[in-house]
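Scroll down for the structure; my scribbles are underneath it.
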There are 2 protein chains.
Amino acid sequence: MAVDGFELNAFLPYRLNRAAEFVAVRFAAEYKARYQLTRPEWRTLAALGSSTHAMTATDVGTHSAMHKTKVSRAVSGLEERRWLKRSEDQDDRRLEHLELTKAGRTAYRELTNLASAYQAQLHDLIGVGGMKALSAGLEAIERAIDKAEKRPSRT
Amino acid sequence: MAVDGFELNAFLPYRLNRAAEFVAVRFAAEYKARYQLTRPEWRTLAALGSSTHAMTATDVGTHSAMHKTKVSRAVSGLEERRWLKRSEDQDDRRLEHLELTKAGRTAYRELTNLASAYQAQLHDLIGVGGMKALSAGLEAIERAIDKAEKRPSRT
DNA sequence: CTTTAATAGTTGCAATCGTAACTATCGATT
DNA sequence: AATCGATAGTTACGATTGCAACTATTAAAG
């Protein structure tokens, strides 16, 4: 269709962004309405809530692909709500370990109910096949991300 | 792994956003450095450049999943560079048809070279299988988006 | 040890964003 | 044809963002 060899509809960053935005907007509207949570806050809550052990802010950033200042502010926000508490690392006092409080875990559980319901809607929308393919494709990217995180890069 | 039934690593909005962000950041750095282009500007340029006919601002917005104010500003930016020209619709004067100028098409061609090179890198990074799966999955979402666009929704 | 480089996290500030309100125009209803 | 509701696009303004610079701390190099 294009004169030269480039096909925008096959260009991954464009397609991914479009899909991610489409899918995120509706869900964000839900938790924003119910909890006045911002996107970075939800993503931080999710990262912490899904982890069995405490994480540092940097961990949250790499796990969610968020800029460190975004994480920093989200952490402050969640702390003000008393959904999260920080604790200094004894060996390395630059680090702070982040953990959800009881209230935070409760909120997380409620949010995951919303999330599950939304995931089910998406499932209906794109079908089992689409879901499986997407999952496999995202896994491939996630492997690449992990690989890239060993050899560092500024985010 | 999670206590309840929710698995963040299987939650589509989170995964998509993460992947999209990872993939977009590196590419954005390239065209920002070479052309001082913002992301919305690149996306608008891309939408127009890949289309055979003129588009309205609304078209650009739905095609790229960008908010209309973002599109509006990106259009102004591209117009100032003289990469894009507007023309009023004769039948409906609310509409303006957007087209790239010669300079705009040239820029688009240069940008698509960058894009192709980047796409090749991604291809290497995630492999043929990952690429195919991802493509199939994204297609499923894109179909869903098109469907959703018939029955409207505020973006 | 002392100096230097690297890392974790925060913050000031300018740039960007999205909501809501606005202008202008069109189509439908009466 | 006057009114009302919808749509295209813009803009004012408060909120959010990311860059760069900063503090504090640790690791590495000499």
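Letters A, B, ... are given to chains in the order of the sequence lines, protein chains preceding strands, and every chain is numbered from 1.
In this structure, A/Arg43 and B/Pro13 approach most closely via the heavy-atom pair NH1-O, 4.5 Å. B/Ser50 approaches A/Leu8 most closely through the heavy-atom pair OG-CD2, 3.5 Å.
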Polar-atom pairs under 3.5 Å, protein N or O versus N or O of nucleotides 8-10 of chain D: list them with distances, or write none.
| from | atom 1 | to | atom 2 | distance (Å) |
| --- | --- | --- | --- | --- |
| D/dG9 | OP1 | B/Ala57 | N | 3.3 |
| D/dG9 | OP1 | B/Glu96 | N | 3.4 |
| D/dG9 | OP2 | B/Thr58 | N | 2.7 |
| D/dG9 | OP2 | B/Thr58 | OG1 | 2.4 |
| D/dG9 | O3' | B/Glu96 | OE2 | 3.4 |
| D/dG9 | N7 | B/Lys68 | NZ | 3.2 |
| D/dG9 | O6 | B/Lys68 | NZ | 3.2 |
| D/dT10 | OP1 | B/Arg86 | NH1 | 2.4 |
| D/dT10 | OP1 | B/Glu96 | OE2 | 3.4 |
| D/dT10 | OP2 | B/Ser72 | OG | 2.6 |
| D/dT10 | O5' | B/Ser72 | OG | 3.4 |

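Using a 4.0 Å cut-off, some side-chain N or O of B/His67 falls inside it from OP1 or OP2 of C/dT19. Distances shorter than 4.0 Å separate some side-chain N or O of A/Lys70 from OP1 or OP2 on D/dG18.
What separates CG of B/Asp89 from P of C/dT25 is a distance of 13 Å, to the nearest Å. Put simply, CE on B/Met66 is 10 Å from P on C/dG18, counting in whole angstrom units. C/dG9 atom C1' lies 15 Å from atom CE of A/Met55, rounded to whole Å.
Contacts between residues 31-44 of chain B and DNA chain C, counted as heavy-atom distances below 4.0 Å, involve B/Pro40.
Side chains of A/Thr56 and A/Asp59: a donor on one and an acceptor on the other come within 3.5 Å.
Residues satisfying the ring pair (Phe, Tyr, Trp, His ring centres under 6.0 Å) criterion with B/Trp42, sequence neighbours excluded, are B/Phe27, B/Tyr31. Residues passing the salt bridge (Lys or Arg N to Asp or Glu O under 4.0 Å) test with B/Arg81, sequence neighbours excluded: B/Glu41. In this structure, B/Arg82 has no side-chain hydrogen bond (donor to acceptor under 3.5 Å, both in side chains) partners at least two apart in sequence or on a different chain.
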Please list, one pair per line, the donor and acceptor atoms closer than 3.5 Å that link side chains of residues 123-144 of chain A to other protein atoms, with sequence neighbours excluded.
| from | atom 1 | to | atom 2 | distance (Å) |
| --- | --- | --- | --- | --- |
| A/Ser135 | OG | B/Arg15 | NH1 | 2.9 |
| A/Glu142 | OE1 | B/Arg15 | NH2 | 3.2 |
| A/Glu142 | OE2 | B/Arg15 | NE | 2.9 |

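Under a 4.0 Å N-O distance rule, the pair A/Glu21/A/Arg39 qualifies as a salt bridge.
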